[in-house]
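Since the structure is predicted, the reported quantities are computational estimates derived from the model, not experimental observations. Just the heavy atoms: all of them, side chains too, but no hydrogens, waters or symmetry mates, feed the values below. So that the names make sense, note that chain A is the first sequence line, chain B the second, and so on, each numbered from 1.
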2 protein chains.
Amino acid sequence: MAGMGDDHAGHDHVWADDLTKNQGLVLGTLAHSDGPLSAYDILDKLREDGLRAPLQVYRALDKLMERGLAHRLESLNAFVACADANCHRRGLIAFAICEDCGKVDEFADPLIDERLGVWAGARGFAVARTTMEIRGKCANCAAA
Amino acid sequence: MAGMGDDHAGHDHVWADDLTKNQGLVLGTLAHSDGPLSAYDILDKLREDGLRAPLQVYRALDKLMERGLAHRLESLNAFVACADANCHRRGLIAFAICEDCGKVDEFADPLIDERLGVWAGARGFAVARTTMEIRGKCANCAAA
DNA sequence: ACGTTACATGTAACTGTATTACATAGCGTT
DNA sequence: AACGCTATGTAATACAGTTACATGTAACGT
Ligand SMILES: [Zn+2]
Ligand SMILES: [Zn+2]
Ligand SMILES: [Zn+2]
Ligand SMILES: [Zn+2]
C-alpha cells in the first residue's frame, strides 16, 4: 500500500511553502514527470492521494499557472511544471516540444519578445500574453 | 429550402475549384464568419446543408489545413479561414487574438522566424511547425 | 463489363477535455 | 457567534475530438 504515489507526496512542497494541499500534489506530480501531463493524467496519478474529480486538478492548475509555477501547452492540452525554478517570468515563454520522445524545452527569447512588441506597437494591439509552441524533433531523436 | 445557409453554398468554392462538397461548405462558413469558429459551431451552421456529425467537419478541416486554406487556433480550440487569399505559407504564422471582440489578425514575421531558426539550430532541434498566438486587445477595443 | 483501387462520405458510439452548480469545511476578523 | 474569504468535495453537464464500420463514387486496367 505504500504505493509509488507517495514519493512526491512525501516531501510535499519544495518549491513554495504556501501551496495548498492540492496545489502541492499537482505541482509535485508535474515536477516528477518527464513530460507534459493532461489534467486527467494528473488526476489518475493522484487518486490514491484522495483526489477524485477533474475540478480539483483544474483548480490547482489555475493557481499554479497564475503564479508561474506551471504552464499549459495549448497544442497538447497538457501541462508542465515551470522549468525555471521560480519562473514568475513575464513576457513571452516558448516551448520546443519533441514529437518523438515528448520532451519539452522551455525557453525565453528577449529578441522575439521585443520583435513582437514592435509589431504590436505598430498596430496598437495591447498584448496580454503570448503562447509559442514549436513542434519537431529534439537533437537526440533527430539523430536516431 | 431557400434557407440562409445557401448564401455561401450558392457560389460554392471561390478559393480553389477542386474542393469537395464538405470542404467547400466548411471553408465557406469560416470565410463568412467574422471570428474563429469551433468545429461544433461550424457543424451547427451546416446542419441545414446536410452535415450531421462532427467527423464530417473535422475531416474537411484536416484537408483545408493541409492546404493552408484554414488554420487552427490552439489556444481557442477554434478555426479560421486563412487571411491570405492563398496562404500556402511555409514557416511561422502568428495570430493576434482580441479577447474583447474576438477578431483575429494573421501575420507572418520573417525576423521572428529566423530568430527561431537560430535557436533551433543551436540546439539541433528540427522544427516541424510553430504556433504563435498573442492574446490581448486590438486597437479598437483598447481605445474603448 | 468487371474487379480493383483510391478517396470522399455517412452514422454511431465512444474517449478525452473542461466547466457549471451546489454543498461543505477551515480560518482569520469583528 | 457571525461574517467574509478561500479551499475543498461531488455530481452533472457541456464541449472537443477520435475510432470503427458501412457506403458511395469516380478513375484505371483487364
Ligand atoms: Zn516557466
Ligand atoms: Zn525527442
Ligand atoms: Zn494563412
Ligand atoms: Zn477587439
Self-check item: N or O in side chain of Arg72(A) less than 4.0 angstrom from dA18(C) OP1/OP2
Solution: yes
State whether Asn77(A) places a side-chain N or O below 4.0 Å from either non-bridging phosphate oxygen (OP1 or OP2) of dA18(C). yes
Could you label the plane-to-plane angle of the Phe107(B) and Trp119(A) rings as parallel, tilted or perpendicular, counting under 30° as parallel and over 60° as perpendicular? parallel
Rounded to whole Å, NZ of Lys21(B) lies from P of dG24(D) at a distance of 14 Å
Per atom distances to the Asn22(A) side chain, the nearest of dT8(D), dA16(D), dA18(C) is dT8(D)
Per atom distances to the Ser38(A) side chain, the nearest of dA18(C), dT10(D), dT17(C) is dT17(C)
- Query: Would one find a side-chain N or O of Lys63(A) under 4.0 angstrom from OP1 or OP2 of dA7(D)?
  - Reply: yes
Taken to the nearest whole Å, CG/Leu76(A) to C1'/dG17(D) is 15 Å
Rounded to whole Å, the CZ-P distance (Arg52(B) to dA13(C)) equals 13 Å
From the candidates dT18(D), dA18(C), dA7(D), the one with an atom nearest any side-chain atom of Tyr58(B) is dT18(D)
On the nucleotide dT8(D), are OP1 or OP2 found under 4.0 Å from the side-chain N or O atoms that Thr20(A) carries?
yes
(message) Applying the 5.5 Å / 30° rule, does Tyr40(A) stack onto the base of dT17(C)?
(response) yes
Rounded to whole Å, the CG-P distance (Asp62(B) to dC7(C)) equals 15 Å
Leu19(B) CG to dT9(C) P, in whole Å, measures 10 Å
- prompt: Within the structure shown, what part of the strands sits under 4.0 Å from Arg59(A) by heavy-atom distance: base, sugar-phosphate, or nothing?
  reply: base
| For residues Ser75(A) and Glu133(A), is any side-chain donor paired with an opposing acceptor at under 3.5 Å? | yes
With the side chain defined as heavy atoms from C-beta on, Leu51(A) is closest, among dT17(C), dA18(C), dG9(D), to dG9(D)
inquiry  = Any side-chain N or O of Gln56(A) below 4.0 angstrom from OP1/OP2 of dG9(D)?
reply    = yes
